[in-house]
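Written out below as structure tokens is the structure these notes cover.
Note that this is a predicted model, so its numbers are computed, not measured.
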Amino acid sequence: MTIHNMQAYRASLLHFTDDPLRNPDGTHWHEDGLLIVNDGHVQAAGDYQQLKSTLPDHVVVEHFPGKIITPGFIDTHIHYPQTDIIASPAPGLLPWLEQYTFPAERQFENPLHAQEVANFFLDELLRCGTTTAMVYCTVHPASVDAFFEASAARNLRMVAGKVLMDRNCPEFLRDTAEGGIRDSETLIKKWHKQGRQLYAITPRFAPTSSPAQMQLAGELAHAYPDTFIQTHVAENQDECAWARSLFPEARSYLDIYDRYGLMRERAMFAHCIWLNDEDRARMAATRSAVALCPTSNLFLGSGLFDFQRAEAQSVPLSLATDVGGGTSFSMLQTMNAAYKVARMGGTYLPATRMFYLATLGGARSMQLEGCIGNFVTGAEADFILLDPQATPLLKRRTASCNSLEELLFALALLGDDRSIAATYAAGKRVSEMKALSKASIF
């Protein structure tokens, strides 16, 4: 065992080894916890009193009283080129795309612009406690290079891809069926599994890809089965009608992707609001996952996700911000919105479930359990320090919490970027809200 790269962190500690909805024993909470990191990976996590004797004598324990160590958040659907159009007014999804999104994405033909936005975007994610995300770039290959270069410089576990879009979009953002796939394959060879970077084949959504491009995307996904797939489906009723008119042979909007071989493990479908039971059964059968985007769905008036039906049919679920349709980079704010969307549909989301969805649930949906999402031995040491006293109101509310559920619920409903005291990637601090109060113990 090497010890020169060992670090140890003492605080309250929370992580999951199973979905608390199905297995309460999957929630692991240590009021006085210890996380031991070695060479960027988790060596041990648990009770401080039990683990402290396993440390070499000269390893310093960084102690953060009053803080909570939890795995870094996982955001399964976000657009880095839309950073600058967050909170832009529009009456719906399609006019929002035309008025704001497409003009903003045009600027990414300039590699310097892409680099500047990628750096800001990643710093904002880290400031909000997100250590892994599934990210949309633009049609421009240089936008992908800029993103992965910025991510690699921070040693982050990120998934991203070039958007495929060869019709029903402005000419200045249009690729071709063959050219888009050729560029994607080049980027796969350049970036997939290089360091901590992973590639996602990224048809924007079925209406902006021709049948030829969809066919080639499916063939590319078959040729590179360990890549990811990301796209949108059933977000908005107008969009659903449009998709069905463009692919009249398909049973449903989701079935378009199924017909082209784009439903499989590591496939992430954003929104999934207007699916039927047959669609959800196909999601479960193929292990395709849902990226829930509640702040975006509320902002654009797209609809309310049906938690009850999705749970009944065992569809893999995860949480996502969907910036810039989403209104916050913060996964805590996303939990806030998810809770309210669930309540409007008659479902109650416990706080432990929300934190699970934002950590291990995301990792499982991405087929990355054991790599990220919790503190099992050997997992990559991506974690955050949560501060339950980050604001005067949070401090007052959490002072009277009588259970873990109450504490996490207060953080989910009242927390935001200010609640993230520090963020670590592969054991290294990559973001810090303010100078941390800590004590060093030998």
Side-chain angles (χ1 to χ4, degrees), residues 11-33 35 42 45-47 67-76 129-132 280 283-284 287 289-292 294 305-320 330-377 379 382-386 388 397-398 401-415 419:
S12 295
L13 191 147
L14 170 74
H15 74 123
F16 301 89
T17 54
D18 204 355
D19 184 344
L21 184 69
R22 295 174 171 82
N23 178 13
D25 292 336
T27 301
H28 299 267
W29 168 252
H30 303 275
E31 186 128 11
D32 186 9
L35 177 66
V42 174
D47 183 75
K67 305 295 191 296
I68 301 169
I69 298 173
T70 193
F73 294 136
I74 299 170
D75 184 344
T76 55
T130 297
T131 52
T132 292
R280 283 184 282 264
M283 296 282 291
R287 305 311 295 160
V290 175
L292 302 167
F305 182 80
D306 192 335
F307 282 88
Q308 191 170 24
R309 298 303 304 159
E311 297 289 5
Q313 294 184 259
S314 300
V315 179
L317 302 181
S318 59
L319 279 180
S330 169
M331 291 293 281
L332 293 172
Q333 288 287 286
T334 302
M335 292 181 203
N336 179 313
Y339 173 80
K340 295 168 184 174
V341 166
R343 292 297 292 134
M344 289 296 291
T347 297
Y348 179 82
L349 274 184
T352 50
R353 186 97 205 290
M354 292 189 278
F355 274 84
Y356 163 81
L357 289 173
T359 55
L360 181 59
R364 283 182 166 180
S365 293
M366 297 169 66
Q367 304 297 315
L368 289 177
E369 183 174 6
C371 176
I372 56 173
N374 64 9
F375 296 142
V376 296
T377 301
D382 295 342
F383 62 97
I384 57 178
L385 289 177
L386 285 170
R397 176 63 190 94
T398 57
C401 288
N402 294 312
S403 66
L404 174 62
E405 177 64 22
E406 279 191 21
L407 176 62
L408 297 181
F409 193 81
L411 278 163
L413 272 290
L414 301 176
S419 305

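Thr70 is linked by a side chain to side chain contact (heavy atoms under 4.5 Å, CB included) to Leu14, Ile384, Leu386, counting only residues two or more places apart in sequence or in another chain. With sequence neighbours excluded, the residues satisfying ring-ring contact (aromatic ring centres under 6.0 Å, His included) with Phe307 are Phe305. Residues forming a side chain to side chain contact (heavy atoms under 4.5 Å, CB included) with Ala337 (at least two apart in sequence, or on another chain): Pro294, Thr295, Leu298. For the ring-ring contact (aromatic ring centres under 6.0 Å, His included) test, residues two or more places apart in sequence or in another chain that qualify with Phe383 are Tyr9, Tyr424. By the salt bridge (Lys or Arg N to Asp or Glu O under 4.0 Å) test, Asp382 pairs with Arg196, sequence neighbours left out. The side chain to side chain contact (heavy atoms under 4.5 Å, CB included) test applied to Thr359 returns Phe16, Pro71, Phe73, not counting sequence neighbours. Listed by chain and residue number, nothing satisfies the ring-ring contact (aromatic ring centres under 6.0 Å, His included) test with His30 (two or more places apart in sequence, or in another chain). Remark: Arg343 engages no residue in a salt bridge (Lys or Arg N to Asp or Glu O under 4.0 Å) (not counting sequence neighbours). Judged as a side-chain hydrogen bond (donor to acceptor under 3.5 Å, both in side chains), and not counting sequence neighbours, the contacts of Thr17 are His28.
Among residues at least two apart or in separate chains, side chain to side chain donor-acceptor pair (under 3.5 Å) pairs with a member in residues 366-376 are Arg364-Glu369. Applying the salt bridge (charged side-chain N to carboxylate O under 4.0 Å, His left out) definition to pairs two or more places apart or across chains, those involving residues 344-355 are Asp19-Arg353, Glu311-Arg353. Within the structure, salt bridge (charged side-chain N to carboxylate O under 4.0 Å, His left out) pairs that include any residue of residues 401-412 comprise Arg397-Glu406 (at least two apart or interchain).
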Legend entry - Evaluation steps, side chain to side chain contact (heavy atoms under 4.5 Å, CB included), between Leu411 and Ile68: CA-CA 11 Å; Leu411 278 163; Ile68 301 169; 4.0 Å; yes
Legend entry - Audit row: Leu317, Met283, side chain to side chain contact (heavy atoms under 4.5 Å, CB included) steps and yes/no: CA-CA 10 Å; Leu317 302 181; Met283 296 282 291; over 6 Å; no
Legend entry - side chain to side chain contact (heavy atoms under 4.5 Å, CB included) evaluation trace for Leu404 with Thr27: CA-CA 10 Å; Leu404 174 62; Thr27 301; 4.1 Å; yes
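Between the Thr398 side chain and the Pro388 main chain, a donor and an acceptor come within less than 3.5 Å of each other. At least one donor-acceptor pair under 3.5 Å links the side chain of Thr76 to the backbone N or O of Leu319. Distance alone, capped at 3.5 Å, is enough to place a donor-acceptor pair between the Ser318 side chain and the Val290 backbone.
Going from atom CE of Met354 over to atom CG of Asn336 covers 8.0 Å, rounded to the nearest 0.5 Å. Of the inter-residue distances, the one linking Ser419 atom OG with Lys67 atom NZ reads 11.0 Å to the nearest 0.5 angstrom. The line from CD1 of Ile74 to OG1 of Thr130 is 9.5 Å long, rounded to the nearest 0.5 Å. Taking CG from Asp32 and OG from Ser12, the interatomic distance works out to 7.5 Å, rounded to the nearest 0.5 Å. Taken to the nearest 0.5 Å, the CG atom of Leu332 stands 10.0 Å off from the CG atom of Leu414.
Residues His15 and Phe375 come closest through the heavy atom pair ND1-N, 3.0 Å. Considering every non-hydrogen atom in both Leu35 and Ala45, the closest pair reads CD1-CB, 3.9 Å. The minimum heavy-atom distance linking Ala358 with Met331 is given by the pair CB-CE, 4.0 Å.
Annotation: side chain of Phe409 is not in contact with side chain of Leu349 (no heavy-atom distance under 4.5 Å). Side-chain contact check for Thr132 versus Asp75: every heavy-atom pair is 4.5 Å or farther apart. Asp25 is not listed as a side-chain neighbour of Asp18, based on a closest heavy-atom distance of 4.5 Å or more.
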